[in-house]
Amino acid sequence: MMDKKVRVRFAPSPTGGLHLGGVRTVLFNYLFAKHFGGDFILRIEDTDQTRFVEGAEDYIFECLKWCGLTPDESPLHGGPYAPYRQSERKEIYRQYAEQLLKDGHAYYAFDTPEELDAKRKEIPNFQYNHQHRLALRNSVSLTETETAKLLEKNVPYVIRIKMPDNEEVRFTDMIRGEVNFHSSQTDDKVLLKADGMPTYHLAVVVDDYLMKITHAFRGEEWLPSAPVHILLWKYLGWINDMPKWAHLPLILKPDGNGKLSKRDGDRLGFPVFAMNWTDPKTGDPDSHREIKGFKELGFLPEAFLNLLAVLGWNDGTEQEIYSLDEMIEKFSIERVHHAGAKFDYEKAKWFNHEWIKRLPVTSYQLRVKKIFEEKGLVITDDEKFVKVLELVKDRCTLLTDFYEQSVFFFVAPSTIDIDSIKPKWNENKQMFFVELIRAYELLQQWQHDDLENTFKEIAAAHQLKSGELMLPLRIMLVGGKFGPGVFDIASVIGKDETVKRIEYTLGLL
RNA sequence: GCCGCGUUGGUCAAGAGGUUAAGACGCCUCCCUUUCACGGAGGAAUCACGGGUUCGAGUCCCGUACGUGGUACCA
C-alpha cells in the first residue's frame, strides 16, 4: 500500500498533435492514479520557445476531454501547485540551478553552440563530459576571477550538471526492474539554457518535487536520461521524495523500423493523432495539411482507449474489451510489457466495431447525426433514426460507415443494380411484383411479419419460391446487394416509399 | 561508434523449469443467412540463433544476431 496519496503527471510539450503514444502515456498514468484513488496532473512543458506551436495546448485539452481523461490539476483546471505551465515558472528553476552551482554539482559553461558543433565535428564521439570538460570554456576550467569577469560582461552562458566520472547509477523501474548506468556514459547535460529557461532535465525534477509527484511514468525514450534525473534528485537533497519510475514501451510502426510517427499515418493510411491536427506553421508546404485523427475518422473514445490500453498491457486473463472503469479496476503497471509494440490498424478497427455493437446507439446517435449532416443528409425523425441505427450497427466498423449503410432508409437509392435482376427476370416475376404492390397498398398493418407473410402468399400463388424474389426486392429497395433484412427495411421506410421504389424499378426492367 | 532497453505465429499476446505453448486481430474452409454483415464450427501459422545450468528450458546464465531508444542550449 502507498503511504502518500498517489500523484502522477503527464507533461507534454505543446509542439503539435497528440499521438497514440502520448495518449497511451496519459492513459497509463491516469489508470494508475485512479486505481489508487490518486490525482492526475497535467503540466505543460513549454520551455523550448523555438518549438512552441500556437493552439497545441488547447488541442491537448480537447483530446483529453474527448477521451474522458480529465486532469485533477492543470493550467486549465487550476490546482494548489500552480502555475502548471513551465514557462510561467522560469524563476523557480534558476534558484535550484544556483543551489547546484553552489554545491559544486553544476557549473557555468560559456561555449557557444557553434563552438560545440565544431568540436563535435573535430573530435569523434565528442561529449561534454569529464574527459573534455577541462578543455572547454567553463567555470571548472577557468579560474574564479575569469569566470566572474565573463559573468560580469554578460557573456551568454548555460549551467550544466557536473556528472561524476566514475559512479554506478542504479534504480528500480516498476516495469523493467533494476536498471544500471555508468555516470561516465552521460555528458554534462545543460540544466539552464542561455535564455534562462530550464531544460527538461532540470524542470522535470524540480516540478515533480514541488508538485509532490509520487510516480513518474513516461516513454522509454527517457530511459537513457534517467540517471541525470536521479543524480539531480540526489544533489538537490530530495532523494527520499523521488517518485517511483516506470518507462513505458514505445509504439512502433506497423511495417518495420522505428517509432510510430505522424508521417506513417499518411503513408499507411491510418490516423496517428487522437483528433485532427493542422499545423499552423507556414513556410513548410507539407506541414499545413490536416492530419487525420481517430475521432474524426469515426472512432469511439471507448474503443480508442481500449485499443491503446491493450497495446502493451493485459491483466493476464483473456479479456480484451474493457470500459474505462474496468481498466481502472484491473490496471497494474507491473503488467505492462517490456517490449515495444507494432501498431495494428486492423485490430484497432475491430475494437471500434466491438464498441459500436455493444454500446446503445443512443450514446453515439448525435455524432452519427452530425456525420450525416456533413454529407448533406438532415435527420428529422429521431425515432426512425434510432431504429435504423439499431438495424445496421452490426455492419459498421467506424461511425462514418453508418452513412452508406443507411442512406437508403432516408432517400431512394440513386442507382439501381439492375444487372443483378435482369438475367433471371421474366413475365411471371413481373406479375408477382405488380400484384405485390396491389396487396401492399391494401395492407392495414405495416409490420415486418405482415409484409413477409403477404409476400410469401403471393409468391406461392405464382408458384415462385420466395427466395428468388427477395433479391430483386432488396435491389429495388436499397439499390444493391447489401443491407439488413428486406422486410425490416420496408417496414421502416413505410408503405408509400416501398411501393414507389418497387414501381420505379419495374419501370426500368 | 558508444551506452541502455528489448526479442513467443504476419500483428497484439498468455506463459514466472515439467502445458497437446492460451486467447485475440488478420487470413482460409464450412454452417447460418437465397444480400451484406453479425453469430457459430474448424484450419494454417510461433518460442531469433549458439552455448551452458538442469533428470527436464519459451521460462535461469553467457554469448551472438537482430530490433529499438538515447547520444542537442528538443522534449
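Given the structure is predicted, the values throughout are model-derived calculations rather than measurements. Throughout, a chain's letter reflects where its sequence line sits, starting with A, and its residues are numbered from 1.
Here B/rG23 sits opposite B/rC12 as a Watson-Crick or G-U wobble pair (both hydrogen-bonding atom distances under 3.5 Å). Pairing of B/rU53, defined by two Watson-Crick or G-U wobble distances under 3.5 Å, is not identified with any nucleotide. For B/rA37, there is no paired base (Watson-Crick or G-U wobble, both distances below 3.5 Å). Across all strands shown, the partner of B/rG42 is B/rC28, judged by Watson-Crick or G-U wobble contacts whose two distances both fall under 3.5 Å. Within the shown strands, nothing qualifies as a pairing partner of B/rA72 under the Watson-Crick or G-U definition with both distances less than 3.5 Å. Of all nucleotides present, only B/rC66 satisfies the Watson-Crick or G-U wobble test against B/rG6, with each distance under 3.5 Å.
Other residues, nucleotides and ligands contribute more than 12 heavy atoms inside 6.0 Å of the NZ atom of A/Lys357. For A/Gln463, the CD atom is loosely surrounded, since the number of other residues' heavy atoms within 6.0 Å does not exceed 12.
For A/Lys347 and A/Trp350, the positive end sits near the middle of the six-membered ring, less than 6.0 Å away and at most 45° from its axis. Cation-pi geometry between A/Arg160 and A/Tyr128 is met: the NZ or CZ atom falls under 6.0 Å from the ring centre, inside 45° of the normal.
Atom pair A/Met163:CE and B/rC3:C1' shows a separation of 12 Å (rounding to whole Å applied). Distance A/Glu346 CD to B/rA13 P: 17 Å, rounded to the nearest Å. Straight-line distance from the OH atom of A/Tyr157 to the P atom of B/rC73: 16 Å, rounded to whole Å. The separation between A/Glu318 atom CD and B/rC12 atom C1' is 14 Å, rounded to whole Å. Atom P of nucleotide B/rU34 and atom CD1 of A/Ile475 are separated by 15 Å, given to the nearest angstrom. Separating the CD atom of A/Glu404 from the C1' atom of B/rC36 is a distance of 11 Å, rounded to the nearest angstrom. In this structure, A/Phe351 places its CZ atom 8 Å from C1' of B/rA24, rounding to the nearest Å. Going from atom CG of A/Asn352 over to atom P of B/rA24 covers 20 Å, rounded to whole Å.
Counting non-hydrogen atoms under 4.0 angstrom, A/Glu468 reaches a base of the nucleic acid. Contacts of A/Gln319 with the nucleic acid, taken as non-hydrogen atoms under 4.0 Å apart, are absent. Residue contacts for A/Gly312: at a heavy-atom cut-off of 4.0 Å it reaches the sugar-phosphate backbone alone, with no base atom in range. Contact annotation for A/Pro484: base contact, defined as any heavy-atom pair under 4.0 Å involving a base atom. Across all strands shown, A/Val179 has heavy atoms under 4.0 Å from sugar-phosphate atoms exclusively, and none from any base. Within 4.0 Å (heavy atoms only), A/Lys259 reaches sugar-phosphate atoms of the nucleic acid but no base atom. The residue A/His201 sits apart from the nucleic acid: no heavy atom pair falls under 4.0 Å. Base engagement by A/Asp111 is indicated by at least one non-hydrogen atom pair under 4.0 Å involving a base atom. Residue contacts shown for A/Thr47 are limited to sugar-phosphate atoms, with no base heavy atom under 4.0 Å away. Residue contacts shown for A/Arg218 are absent, as no nucleic acid heavy atom lies under 4.0 Å away. Residue-level contact check: A/Asp195 touches neither bases nor backbone, having no heavy atom under 4.0 Å from any strand. Among the atoms of the strands shown, base atoms are found under 4.0 Å from some heavy atom of A/Gly485. Residue contacts for A/Asn314: at a heavy-atom cut-off of 4.0 Å it reaches the sugar-phosphate backbone alone, with no base atom in range. Counting non-hydrogen atoms under 4.0 angstrom, A/Val310 reaches the backbone sugars and phosphates but no base.
The aromatic rings of A/Tyr108 and A/Tyr157 stand perpendicular to each other, their planes meeting at an angle above 60°, with 30° marking the opposite boundary. Taking the six-membered ring where tryptophan is involved, the planes of A/Phe487 and A/His448 are perpendicular, since the angle between them exceeds 60° and thus also 30°.
The side chain of A/Thr15 places no N or O atom within less than 4.0 Å of a non-bridging phosphate oxygen (OP1 or OP2) of B/rC74. Between B/rA37 and A/Arg474, no contact under 4.0 Å exists linking OP1 or OP2 to a side-chain N or O. Between A/Arg120 and the phosphate of B/rC73, there is a side-chain N or O to OP1/OP2 separation shorter than 4.0 Å. Between A/Lys193 and the phosphate of B/rC74, there is a side-chain N or O to OP1/OP2 separation shorter than 4.0 Å. Within the 4.0 Å cut-off from OP1 or OP2 of B/rG6, at least one side-chain nitrogen or oxygen of A/His338 is found. OP1 or OP2 of B/rC73 has not a single side-chain nitrogen or oxygen of A/Lys189 nearer than 4.0 Å.
Position along RNA chain B of the nearest nucleotide to A/His337 versus A/Pro113 favours A/His337 as the more 5'-ward residue. Place A/Leu311 and A/Leu250 on RNA chain B by their nearest nucleotides, and A/Leu311 ends up nearer the 5' end.
Across B/rG39, B/rG69, B/rU35, the shortest atom-to-atom separation from the side chain of A/Lys481 is found for B/rU35. The A/Glu220 side chain lies nearest to B/rC5 when the options are B/rG15, B/rU35, B/rC5. Of all nucleotides listed (B/rC38, B/rG4, B/rU71), B/rU71 comes nearest to the side chain of A/Asp187. Nearest nucleotide to the A/Lys465 side chain, out of B/rU34, B/rC25, B/rC73: B/rU34. The side chain of A/Phe482 approaches B/rU35 more closely than any other nucleotide in the set B/rA75, B/rU35, B/rG4.
Straight-line distance between the P atoms of B/rG40 and B/rG26: roughly 13 Å, to the nearest whole Å. Atom name C1', nucleotides B/rC49 and B/rC66: the rounded distance is 10 Å, in whole Å. Taking the P atoms as reference points, B/rG23 lies 10 Å from B/rG42, given to the whole Å. Rounded to a whole angstrom, the distance from the P atom of B/rC61 to that of B/rA24 is 32 Å. The same atom, C1', is picked in B/rU46 and in B/rG9; the two are 4 Å apart, to the nearest Å. Here, B/rA13 and B/rC38 have their C1' atoms 26 Å apart, quoted to the whole Å. Separation of the C1' atoms belonging to B/rU59 and B/rU53 is 13 Å when rounded to the nearest angstrom. A gap of 13 Å separates the P atoms of B/rC12 and B/rU68, to the nearest Å.
Of the residues A/Phe409, A/Phe410, A/Tyr364, the one that meets the ring-ring contact (aromatic ring centres under 6.0 Å, His included) test with A/Phe402 is A/Tyr364.
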Report the C-alpha distance between A/Phe482 and A/Phe408 in whole Å, list the side-chain angles of each, state the deciding distance to 0.1 Å, and finish with yes or no for ring pair (Phe, Tyr, Trp, His ring centres under 6.0 Å). CA-CA 11 Å; A/Phe482 55 88; A/Phe408 53 82; 5.8 Å; yes

Just do the salt bridge (Lys or Arg N to Asp or Glu O under 4.0 Å) check on A/Arg85 and A/Glu45 with the steps written out, would you? CA-CA 6 Å; A/Arg85 232 178 317 246; A/Glu45 308 221 336; over 6 Å; no

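Side-chain contact check for A/Leu268 versus A/Tyr345: every heavy-atom pair is 4.5 Å or farther apart.
Side-chain atoms of A/Lys347 come within donor-acceptor range of the base of B/rA24, with a qualifying N/O pair under 3.5 Å.
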